[in-house]
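Here is the structure we will look at.
Hydrogens, waters and symmetry mates play no part in the numbers below; they use all other heavy atoms, side chains included. Proteins get letters first, then strands, A, B, ... in listed order; numbering begins at 1 in each.
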There are 2 protein chains.
Amino acid sequence: MAAPRRSGRERVPPHPDIQTISLQQVLEALVDPVRRRIVSELYAARQDLACGTIELPVSKSTATHHFHVLREAGLIRQYYLGTSRMNALRRDEFDEAFPGLLSALVAVRDRG
Amino acid sequence: MAAPRRSGRERVPPHPDIQTISLQQVLEALVDPVRRRIVSELYAARQDLACGTIELPVSKSTATHHFHVLREAGLIRQYYLGTSRMNALRRDEFDEAFPGLLSALVAVRDRG
DNA sequence: CGGAAGGTACGATGCATGTCAAACTTTGAT
DNA sequence: ATCAAAGTTTGACATGCATCGTACCTTCCG
């Protein structure tokens, strides 16, 4: 039942407990428009999405960076499916820790 | 009825129409902990406060900068009362443009 | 008229972070 | 066993922004 162990770097990255995350960290994550776009797409899609299926105006390495920040801020959960890295919005957990914040943000018809 | 005119630099600063403000700008304003503290205090006080009555861990010139950013982001309204500059949270207007955002933010018991 | 209180304006500075290219890794298909 | 696909890692770089000190400006008070 234990997760399969690998030697060296774990291919399943660690996910923080949302209770340990500060509002500061959340806002630092969401202040970036690229990251907000990722969250918005996941929110609208209502299903997990591979990194590659979310079109972003940045290079692959930069995209990796942004997904990393979102994961560290407790907004998404990541796991592999073949070579694809899937991203799941931690909607319910996040909403419990920061009630109303996510919905207030995605509700905004962004003017830029 | 018109506001009193002065020559040279206006002592009453311009306030943006909230409809013209982007979520990006709002988040850039609120990502700073000093500025969030200002907003929190105004929110809790439920009355206008002079700059000097809000204790901040920064110099006067830095404080001025932060108030300026909040004003440009449509979060506060500023006016003079003698030598004191008063700050008013634009609560209702802001809430109309970004419903639920302010309350979601101030509701967070910040962990840092 | 001073002088003090309360801020503002202006540079200068230092750190944070968003960005990319290049090399590498893991997995899946041929 | 190769090769391609999808990301990751690392290092370098540039820009932005929070910060401060100093000088300055308004207003009030004696």
Identify the pairs formed between an N or O of the protein and an N or O of nucleotides 13-18 of chain D at a distance under 3.5 Å, and give each distance.
{"unit_1": "D:dA18", "atom_1": "OP1", "unit_2": "B:Arg35", "atom_2": "NH2", "d": "2.8"}
{"unit_1": "D:dA18", "atom_1": "OP2", "unit_2": "B:His65", "atom_2": "NE2", "d": "3.0"}

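Side-chain contact between A:Leu70 and A:Glu72 is absent, with no heavy-atom pair separated by less than 4.5 Å. Between A:Ile18 and A:Arg90, some side-chain heavy-atom pair lies under the 4.5 Å cut-off.
Judged by a 6.0 Å distance limit and a 45° cone about the ring axis, B:Arg91 is positioned over the six-membered ring of B:Tyr43.
Here B:Ala50 lies in heavy-atom contact (under 4.0 Å) with sugar-phosphate atoms only.
In this structure, the CG atom of A:Asn87 is 14 Å from the P atom of D:dA6, given to the nearest Å. Atom pair B:Met86:CE and D:dT26:P shows a separation of 21 Å (rounding to whole Å applied). Protein atom NE2 of A:His68 is 16 Å distant from nucleotide atom C1' of C:dT19, rounded to whole Å. Computed from coordinates, the A:Tyr79 OH to D:dG7 C1' distance equals 16 Å when rounded to whole Å. Between A:Lys60 atom NZ and C:dC20 atom P there is a gap of 13 Å when expressed in whole angstrom units. Between B:Ile38 atom CD1 and C:dG7 atom C1' there is a gap of 14 Å when expressed in whole angstrom units. In this structure, B:Phe67 places its CZ atom 8 Å from P of C:dG7, rounding to the nearest Å. Rounded to a whole Å, the CG atom of A:Leu56 is 14 Å from the C1' atom of D:dA6.
Nearest to the side chain of B:Thr83, among C:dG6, D:dG7, C:dA22, sits C:dG6. Set against D:dG7, C:dG7, C:dA22, the side chain of B:Thr64 has C:dG7 as its closest nucleotide. For B:Arg85, counting side-chain heavy atoms from C-beta on, the closest listed nucleotide (C:dT8, D:dA6, C:dA21) is C:dT8.
The only option from B:His66, B:Arg71, B:His65 that meets the side-chain hydrogen bond (donor to acceptor under 3.5 Å, both in side chains) definition with B:His68 turns out to be B:Arg71.
Listed by chain and number, the hydrophobic cluster partners of A:Leu81 are A:Tyr79, A:Met86, where partners are ILVMFWY side chains within reach of under 4.5 Å, directly or through others.
Annotation: side chain to side chain contact (heavy atoms under 4.5 Å, CB included) contacts of B:Thr53 (sequence neighbours excluded): B:Leu49, B:Ala50.
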